[in-house]
Colleague: 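So that we are looking at the same thing, I have put the structure below in structure tokens.
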Amino acid sequence: MIPGTMQQPSKRKMDPPWVQSSFEGIGGDLSKASGCRNTISSLRPHIPVASKVKSRRGAAAASCASMAKTGWRQDYNRDSAESWVERHAPTTTMELAVHKKKVEEVETWLRAHALQYNARKGSILLITGPAGAGKTATLQVLCKQLGIIIHEWINPLEIGGNGFGKETFGWEREPRGFGSGVQTQVALFREFLLRANRYRALCLNGGEASVEPEARLILLEDIPNQFYREPSSLHDVLRKFSICGRCPLVLVASDCSGSEYSLRTLLPRGIQEDLGVHVISFNPVSPTSLLKVLMRVASAETAQVRGRPCVLNQTVLQDLCASSAGDIRGAINALQFAWQCASIRTQDTSDSTSSVFPRKLLRGGVGFGPGRRGRRGTESPTSPEESRTVFGGRDVSLFLFHALGKILHCKRENGPISESHALPTHLTHQQRNMLAVNPEDVVERSQMSPELFTLYLHQNYLGFLHDAEDVSAAAQHLSDADCLTADWAVRVEMRDYVAAVATRGLLHSHVGRARSGVAGVGFRPLHKPEWISVHRKYVEARLEAKQLFSSFCLPPLALHLELLPYLALLNTPLRNPGQIAFLQDVGRFMHIKLPHRQEVITIAEHDGGGIDPDNNPTDPTSALPAPSNQSAYRDLSASQPQPMDSHEGYEDEELFIEEFDSD
Ligand SMILES: Nc1ncnc2c1ncn2[C@@H]1O[C@H](COP(=O)(O)OP(=O)(O)OP(=O)(O)O)[C@@H](O)[C@H]1O
């Protein structure tokens with residue numbers, strides 16, 4: 001007998017009663033979280049189901065668990081240990097706070113691909129949208145309703161057998177089936193994806209396996225990190241899956257604009273089209289739906305608290321909705337937190353509380369308790385910003401489309417101008433109503449550099465102005481903004497001024513529309529700046545010239561301003577077809593006649609603020625041929641012009657081009 005094993009039980013008995021597991025709430029949460037995960041655990045015993053300790057779901061529960069350690073009332077602790085997000089999870093489509101059309105879209109796809117026997121088995125659905133928009137909840141509710149079993153991939157915490165998972169959570173690693181060696185997460189994932197649907201889930205509870213419906217799908221929300229570093233390996237796996245998969249795959253991914261971990265990096269549009277991925281894009285939950293859910297949750301919680309009347313204040317709920325920016329999970333977590341703060345305050349306002357919660361969080365009873373309205377000192381936060389600071393909430397970033405729209409549509413407040421804002425008589429022609437938005441704030445929330453944002457404005461502003469005077473004034477302001485960053489020495493310091501001059505200048509130029517009484521221009525598609533493709537071409541050409549003319553050993557300036565124009569003018573063919581093509585492409589642009597403007601790319605509603613990684617001008621190397629000298633010359637990329645007929649045969653001629661010294 002090992003002494004350690006003997007001592008273990010008595011040690012447990014001696015634990016003080018106030019020590020509670022930090023995973024208490026989460027454990028309950030996960031066990032509730034579903035049959036689908038149980039299905040997976042039965043299918044793949046070595047994958048630690050409990051490893052899906054999502055911080056988002058555990059946040060509220062973890063805070064409650066830490067509260068429990070301070071020895072407050074047991075009933076309160078038990079009550080608060082469970083996350084409300086899980087406790088009030090929707091069970092039917094009627095309860096979902098998601099727009100009906102989106103629910104129908106997902107349902108139609110599921111019926112066509114998961115329920116139809118003849119449907120293509122390896123079909124892929126991609127559900128995107130902001131975090132907390134109810135994407136997973138919708139899928140789970142629909143699958144439950146349609147009787148579809150979900151096999152969900154959950155990233156294993158322990159892969160190499162270091163004992164962490166086994167010792168901490170009591171999981172056993174399955175030694176057979178996947179080999180005894182260390183397996184990479186990607187290898188495990190590949191195996192899961194291609195094998196998950198071959199076997200039925202085991203019925204460990206003794207129930208009848210035959211009563212299970214056959215329809216099933218694979219859910220991939222927890223994407224292995226390796227794929228973000230190497231998206232091509234995910235593409236390979238998905239390609240294989242689309243050929244030999246036996247059930248549909250649903251990818252759930254949140255939009256995170258401007259992040260390198262964004263979906264566009266992982267699954268660019270080209271790959272989506274290749275694989276025939278069907279995309280359904282969710283919007284943030286509307287404030288009305290959010291408010292309904294919060295009221296339902298709050299009423300249910302109030303009904304549970306016996307003997308303690310809690311009066312809900314709708315203003316607080318509205319503030320929570322506004323500050324959560326369509327994130328239902330965030331809104332419910334904030335409500336739970338606010339409710340618990342209020343409960344603590346009304347139950348026990350001893351000094352011990354202030355050691356856990358900052359006083360700021362405890363002020364005012366946050367909308368609960370009788371007679372709070374109208375009493376100074378117990379006011380609820382009135383502005384979304386204030387409620388955000390009090391209860392947490394989300395830092396609201398704007399999608400590019402909406403950020404540009406806020407400037408280009410130039411919304412102003414109606415009504416007379418207050419005396420404090422009135423300009424002197426000689427400046428009345430400059431008088432405008434108050435702006436509905438703060439332009440600098442919009443630029444900041446777009447998560448773009450002011451210069452790039454100005455470029456987008458420059459590309460799109462013409463369609464939004466009413467007359468030529470407005471266009472002239474706007475162009476003047478945009479030029480001024482451009483000049484501000486002309487000097488590289490002060491470029492960084494001047495960035496903020498660029499944003500202010502460009503956006504405010506553009507907004508100030510909107511005069512004609514108001515004068516003519518036109519309400520607005522309505523919907524207008526927005527486009528990416530042509531500058532992006534021009535700049536991309538410039539960077540590509542620079543790199544290509546460096547490779548093709550490396551034998552001249554010239555610095556870039558001399559290469560581009562002396563050698564290349566000289567060679568282009570000489571009209572002498574070179575030895576190399578790559579060099580010929582290059583000179584024809586960039587050295588003789590004055591002869592190229594463009595019949596019309598270049599085709600511009602329309603911005604989709606959920607495009608992020610950063611430069612599109614599919615078309616990143618700062619990293620043109622991806623679009624270039626391999627930088628091997630031979631292949632770069634022989635195999636010109638399709639985008640490059642091929643040597644003209646007139647030059648055919650020059651390759652064989654012995655021509656000598658004099659190399660000259662740049663000095
Ligand atoms: N009426 C409701 N409609 C939708 N979700 C609800 C509702 N009430 C509570 N919830 C809970 O809100 C949470 C929404 O999170 P969900 O995981 O579905 O969002 P998501 O869009 O998939 O976000 P992420 O991409 O971050 O996972 C779920 O835990 C769900 O149980």
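Start at 1 and go down the list; that is how both ligands and their atoms are numbered. Not measured: the values here are computed from a predicted model.
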Colleague: Looking at His88, which atoms of ligand 1 are within less than 4.0 Å of one of its heavy atoms?
Modeller: 8 (N), 9 (C)

Colleague: With respect to Gly132, determine whether any N or O atom, backbone or side chain, lies less than 3.5 Å from an N or O atom of ligand 1.
Modeller: yes

Colleague: Taking non-hydrogen atoms only, is Val85 closer than 4.0 angstrom to ligand 1 via side chain, backbone, both or neither?
Modeller: both

Colleague: Identify whether the distance between the nearest side-chain nitrogen and carboxylate oxygen of Lys240 and Asp236 falls below 4.0 Å.
Modeller: no

Colleague: Just jot down the ligand 1 atoms closer than 4.0 angstrom to any heavy atom of Ile332, in number order.
Modeller: 8 (N), 9 (C)

Colleague: At a 4.0 Å cut-off, with the gap strictly under it, does some heavy atom of Ala133 reach an atom of ligand 1?
Modeller: yes

Colleague: CD of Gln226: more than 12 outside heavy atoms within 6.0 angstrom?
Modeller: yes

Colleague: Restricting to ring pair (Phe, Tyr, Trp, His ring centres under 6.0 Å), what partner residues turn up for His235, sequence neighbours left out?
Modeller: none

Colleague: For the residue pair Trp84 and His88, does the interplanar ring angle fall in the parallel (under 30°), tilted (30 to 60°) or perpendicular (over 60°) class?
Modeller: perpendicular

Colleague: Checking the N or O distance criterion of under 3.5 Å, is ligand 1 in contact with Val252?
Modeller: no

Colleague: Answer side chain, backbone, both or neither: which part of Val98 comes under 4.0 Å from ligand 1, heavy atoms only.
Modeller: neither

Colleague: Could Lys135 and Glu221 be called an ion pair, given the rule that one side-chain N must be under 4.0 Å from one carboxylate O?
Modeller: no

Colleague: Can you list the atoms of ligand 1 that are under 4.0 Å from a heavy atom of Arg329?
Modeller: 15 (O), 16 (P), 17 (O), 19 (O), 23 (O), 24 (P), 26 (O), 27 (O)

Colleague: Relative to ligand 1, is Glu221 under 4.0 angstrom through side chain, backbone, both or neither, heavy atoms considered?
Modeller: side chain

Colleague: As an exercise, identify every atom of ligand 1 less than 4.0 angstrom from a heavy atom of Arg296.
Modeller: 1 (N)

Colleague: Can you tell me how the ring of Phe192 sits relative to the ring of Trp153, calling it parallel under 30°, perpendicular over 60° and tilted otherwise?
Modeller: tilted

Colleague: Quick check on contacts: which atoms of ligand 1 are under 4.0 angstrom from a heavy atom of Ser254?
Modeller: 24 (P), 25 (O), 26 (O)

Colleague: Check each heavy atom of Glu86 against ligand 1 and say whether those closer than 4.0 Å belong to the side chain, the backbone, both or neither.
Modeller: side chain

Colleague: What part of Thr136 sits under 4.0 Å from ligand 1 if we count only heavy atoms: the side chain, the backbone, both or neither?
Modeller: both

Colleague: Identify the heavy atoms of Ala403 and Val442 that sit nearest to each other, and give their distance.
Modeller: O-CG1, 3.4 Å

Colleague: Does the residue Gln140 have a heavy-atom contact with ligand 1, meaning some pair of atoms that are separated by less than 4.0 Å?
Modeller: no

Colleague: Counting heavy atoms only, which part of Met94 comes closer than 4.0 Å to ligand 1: side chain, backbone, both or neither?
Modeller: neither

Colleague: Provide the closest heavy-atom pair for Ser446 versus Phe453 in the form atom of the first, atom of the second, distance.
Modeller: OG-CD1, 3.6 Å

Colleague: Could you tell me which atoms of ligand 1, counted from 1 in the order shown, lie closer than 4.0 angstrom to a heavy atom of Ala89?
Modeller: 31 (O)

Colleague: Could you check which of Ala137, Gly134, Ala131, Gly330 puts a non-hydrogen atom nearest to atom 19 (O) of ligand 1?
Modeller: Gly134

Colleague: Only heavy atoms of Glu95, strictly under 4.0 Å: list the atoms of ligand 1 that pass.
Modeller: 1 (N), 2 (C)

Colleague: Going by an N to O cut-off under 4.0 Å, is there a salt bridge joining Glu104 and Lys100?
Modeller: no

Colleague: Please report the C-alpha distance between Leu142 and Trp109 in whole Å, then the side-chain angles of each, then the deciding distance to 0.1 Å, and finally whether the side chain to side chain contact (heavy atoms under 4.5 Å, CB included) criterion is met.
Modeller: CA-CA 11 Å; Leu142 281 172; Trp109 191 91; over 6 Å; no

Colleague: At their closest point, which heavy atom of Val98 faces which heavy atom of Ala133, and how far apart are they?
Modeller: CG2-O, 3.5 Å

